[in-house]
Amino acid sequence: MAFSEGVRTGLVYDERLSRHFNSWNPKFVEVPERVTDPFAVCEKYLLVDRCKRIECRPASDAEMVLKHSSEMIEKLKSTHDMTEDDLKEMSTKYDYIYFHPCIFENAQLALGGTIELVTSVLRDEVRNGMAIIRPPGHHAQHNTYCGYCYFNNVATAAQVALDDFGLQRILIVDWDVHHGQGTQYMFYDDPRVIYFSIHTYDYGREWPFLRESDYDYIGTGPGRGYNINVPLNKTACGNEEYMAIFQQILLPIAYEFSPELILVSAGYDSAIGCPEGLMEVTPAMYAHFISLLSSLATGKICLIQEGGYCLKSLSESIALSLRALLGDPAPMVQDFKASDDSVVESILNVIKLLRPYWKCLQFQDTLKDSEQNGYLDLPPKEGVEFYTDCMPESFDLYQPCYEEDYEDQRHELYEKIDALIRNTNLHCAPNSVGIVTDSNMLLHRDPSGLCEETDRRLSVCCDTLRSKGFWKRCQTIPERQATTEELSVAHTPDYIKLIRKTSGLSEESIEKYQSTFQSVYLCKDTYLAATSAVGCLLSAVDNVLIGKSQASVAVIRPPGHHAEPNAACGFCIFNNVAIAAKYIRQQTPTKRVLIVDWDLHHGNGTQLMFYDDPSVLFISIHRHDCGKYFPCGCYGSSSHVGRGQGRGYNVNIPWNNGTRGDGDYIAAFNQIVMPIAYQFGPDIVLVSAGFDACVGDMLGHYEVTPACYAHLTAMLKTLANGNLIMALEGGYNIECTANAMSICVSVLLGDAVPSVASVVPCNQGVADIMKVLDVQKKYWSALKYREALPTTKQLESVLAAKEAKKLEQTRTNEECVNAKSDKERETVEHIPHC
Ligand code: Q9C
Ligand code: ZN
């Protein structure tokens with residue numbers, strides 16, 4: 001049975017994994033509660049019963065040797081019968097490793113459990129899954145144990161996926177706060193596996209003290225460009241920094257790579273409160289990472305537990321991770337500050353080395369030969385000693401796992417975590433999607449029969465939603481008509497009166513009203529249809545506001561986003577979405593509203609209605625062609641940013657010249673829409689969902705695929721607790737519109753997001769996006785990545801200079817040694833003759 005009919009998420013957990021512990025060092029943080037506590041919280045949140053339980057089994061010999069030497073396996077096996085003294089003696093041979101009589105069995109079980117989980121996903125028995133396991137794996141290497149790790153669970157599972165399932169593209173994401181050097185080594189030359197790690201580094205002064213944890217280690221041979229290290233050179237990095245790394249590096253590369261499987265080395269020592277990491281990622285944030293990654297690889301994502309040593313944040317983070325895998329909305333995270341400059345620097349350093357390998361990383365400028373800046377430099381920092389060069393011969397049995405002064409902060413940190421837990425909104429509406437339409441809207445018809453905006457746009461959309469089975473999976477929301485009072489939040493009384501007056505009029509008498517507007521037709525039922533469109537959308541809004549559905553969809557026409565306070569325009573009569581936004585502000589004045597308008601055309605009407613308003617952020621992405629495309633003129637240009645208090649709260653992303661496709665839209669979302677949206681922190685998201693940029697649309701001639709709209713929907717769904725309201729705007733190829741809309745509804749219902757092929761923006765698309773970044777970075781610190789980076793040639797000459805200097809240094813050192821021995825000889829020679 002495939003997962004679509006069964007349980008979606010696999011869960012690996014095994015009591016036996018709590019047997020081993022460090023019997024001589026009670027302060028050692030790698031403790032049995034690291035699995036029992038998280039599991040208990042998962043049970044408390046009633047998540048366990050929603051999962052398919054997958055048992056641990058011992059990994060086979062054949063599986064263990066995939067990534068490890070047989071000596072190493074045998075040695076671990078032999079610990080079973082050792083005395084404690086022998087175990088202790090052996091532990092001193094390894095860096096942060098202890099042995100326990102159960103350790104072999106448990107390492108074998110953790111590895112077997114990981115493989116079971118990953119193969120269940122690859123066999124389509126579950127869509128995704130999580131392994132709550134210990135010992136962790138990412139420091140384990142071919143021939144050595146390291147950092148609480150014995151067998152490399154994730155690397156071995158990846159190898160199984162390559163060997164037994166013939167996968168070609170696997171993405172490993174390692175958000176454990178330590179560098180998973182073991183995994184890095186194992187796929188360093190393999191382009192089939194991306195190893196992506198975010199870890200604390202401090203220019204090499206952080207454990208595991210490796211030169212190769214830095215950003216310039218990008219893989220070798222055919223694997224060049226497929227190893228990605230994001231070193232953090234400060235502690236206290238939090239949600240904003242990690243999210244920036246996702247938006248600037250990980251997600252763009254993931255979209256270009258188009259993985260078939262994602263494995264996460266899910267270490268929660270990056271979470272707030274962990275003494276090993278001293279970072280500040282909040283438990284809810286992991287749900288965002290997972291939701292965003294789940295759009296890729298058709299949702300095939302496996303989380304394999306690695307580190308995490310603050311039991312409170314570890315447990316909460318694991319539970320919220322599992323909940324995200326199950327498809328519950330990511331709980332809102334707020335108060336995004338600007339990323340720390342040292343992290344901005346790390347991000348740009350990564351980009352400067354990787355941009356020759358990834359077309360998605362093209363949003364920075366290029367340093368001119370005459371220019372200099374900090375990015376011209378290359379590692380290492382001087383005066384740092386690495387384990388890379390001199391690994392100690394033995395290690396202290398009582399190595400402290402963290403600095404002593406952590407104890408002073410522990411209480412305060414725990415209170416902070418408790419507050420986070422209390423304030424996390426885990427509300428889940430009884431329905432994922434409410435949906436509404438009304439046959440009144442079919443009555444609005446062009447008397448000439450020539451206009452593309454036809455009633456069939458709506459009826460085919462609804463038919464398709466029904467025939468594909470999506471409609472019946474939604475909650476049907478009752479339709480209604482908007483009142484004059486409701487319309488007047490966005491339109492002038494005279495204008496409303498004028499439209500109302502056309503009700504029931506004959507064709508000839510309507511003619512004179514119609515001719516005052518641009519690209520609009522009116523008929524005797526226009527008023528009825530248009531008030532129904534607004535009413536349906538308000539009903540959809542109510543449904544979300546009262547918590548009946550998490551998201552809702554209004555399948556409506558006539559569209560609205562061109563309609564201005566006192567004018568119909570571009571097939572639009574009343575501005576549905578603008579009225580909805582004003583309505584939300586009226587009902588709940590504290591709510592911050594984000595409007596995303598992905599209709600092919602600029603939403604000039606909506607822009608106008610919120611131009612001064614900082615509580616409603618309007619982002620429109622549209623074909624502009626330097627003002628020559630409808631609705632024509634300069635209003636859709638990127639320089640229109642809002643006015644007064646509202647400056648920065650109007651974001652236009654205009655496309656100029658030529659067609660655009662998935663790569664451009666995904667890039668615009670990763671580069672502009674999502675960074676701004678996360679920083680804004682909306683309580684509710686409205687989507688002006690026109691599908692006229694869809695491939696096949698005869699008005700647009702753009703090439704966005706229906707699947708791409710699913711991705712855009714999935715991204716926006718990570719905001720505002722998933723409180724997203726989608727309203728149909730344009731879209732004139734009836735079949736394409738119906739397909740695209742259906743796929744968006746499907747994603748809102750929680751179905752897997754279909755994969756788009758490897759996508760990259762076109763050159764003109766990159767140029768358009770850069771222009772917007774330059775305008776908007778003044779208002780949004782999340783966009784501050786437009787620095788000039790050196791060219792490969794410049795970097796090569798810096799590298800050559802460094803090498804030359806190193807050579808010279810070795811020579812001087814040698815001279816020193818020689819000089820010294822000369823002196824020694826001298827001394828010897830000067831011993832007076834007897
Ligand atoms: N203050 C994992 O998280 N401790 N292993 C270093 C630095 C060793 C971590 C001490 C950390 C090993 C899987
Ligand atoms: Zn770790």
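Every heavy atom of this structure was used, including side-chain atoms; hydrogens, water molecules and symmetry mates were not. Counting starts at 1 for both ligands and their atoms, in listed order. Heads up: numbering here begins at 1 and tracks the sequence.
Glu276 OE1, 3.5 Å is the protein heavy atom nearest to atom 11 (C) of ligand 1. In terms of protein heavy-atom proximity, atom 13 (C) of ligand 1 is nearest to Tyr309 OH, 3.4 Å. With respect to atom 5 (N) of ligand 1, the closest heavy atom belonging to the protein is Gly147 O, 2.9 Å. Protein heavy atom in closest approach to atom 1 (N) of ligand 1: Cys401 O, 3.6 Å.
Inclusion of His139 in the first shell of the Zn ion (ligand 2) is not supported: no N, O or S atom falls under 2.8 Å. Metal site remark for the Zn ion (ligand 2): Glu306 contributes no N, O or S atom at a distance under 2.8 Å. For the Zn ion (ligand 2), the set of nearby N, O or S atoms under 2.8 Å includes one belonging to Asp269.
Under 4.0 angstrom from ligand 1, there are no non-hydrogen atoms of Glu30. Residue Asp176 touches ligand 1 through its side chain alone, judged by heavy-atom distances below 4.0 Å. Of the heavy atoms in Asp95, none comes closer than 4.0 Å to ligand 1.
Ligand 1 has at least one atom lying under 4.0 Å from a heavy atom of His138. Contact between Gly267 and ligand 1 is absent, with no heavy atom of the residue lying under 4.0 Å from the ligand.
Using a 30° and 60° split on the angle between ring planes, Trp358 and Tyr226 fall in the perpendicular class, above 60°. Using cut-offs of 30° and 60° for the angle between ring planes, the His178 and Trp207 rings count as perpendicular.
Shown in contact with Asp269 at under 4.0 Å from a heavy atom are these atoms of ligand 1, numbered in order with element: 3 (O). With ligand atoms numbered from 1 in the order given, ligand 1 contributes 13 (C) to contacts under 4.0 Å with heavy atoms of Pro136.
The option with the heavy atom closest to atom 12 (C) of ligand 1, from among Tyr268, Phe209, Phe28, Tyr148, is Tyr148.
One finds a salt bridge joining Arg211 and Asp216 here, because a Lys/Arg side-chain nitrogen approaches an Asp/Glu carboxylate oxygen to under 4.0 Å. Between Glu63 and Arg57 a salt bridge is recorded (basic side-chain N to carboxylate O distance below 4.0 Å). Residues Glu105 and Arg19 are paired through a salt bridge, judged by an N-O separation under 4.0 Å between the basic side chain and the carboxylate. With respect to Arg224 and Asp189, no salt bridge is recorded, no charged nitrogen being found less than 4.0 Å from a carboxylate O.
Taking any N or O of Tyr402, backbone or side chain, none lies under 3.5 Å from an N or O belonging to ligand 1. Considering both main-chain and side-chain atoms, His139 comes within under 3.5 Å of ligand 1 through a nitrogen or oxygen pair. Between Glu306 and ligand 1, no N or O atom pair is found at a separation short of 3.5 Å.
For the pairing with Val173, the side-chain contact (heavy atoms from CB on, under 4.5 Å) check across Ile290, Leu263, Leu293, Ile228 returns one residue only, Leu293.
Counted by atom type alone, Glu240 and Ser339 present zero donor-acceptor pairs between their side chains at under 3.5 Å. With no hydrogens or angles considered, a side-chain donor-acceptor pair links Tyr286 and Ser270 at under 3.5 Å. Remark: the Glu55 side chain and the Tyr13 side chain contain no N/O donor-acceptor pair separated by less than 3.5 Å. Counting only N and O atoms by type, the side chains of Ser313 and Tyr414 include no donor and acceptor under 3.5 Å apart.
Taking the N/O/S atoms of Asp176 in turn, the shortest distance to the Zn ion (ligand 2) belongs to OD1. Of all N/O/S atoms in His178, ND1 sits nearest the Zn ion (ligand 2).
Stacking of Lys67 on the aromatic ring of Phe187 is recorded, both the 6.0 Å distance cut-off and the 45° axial limit being met.
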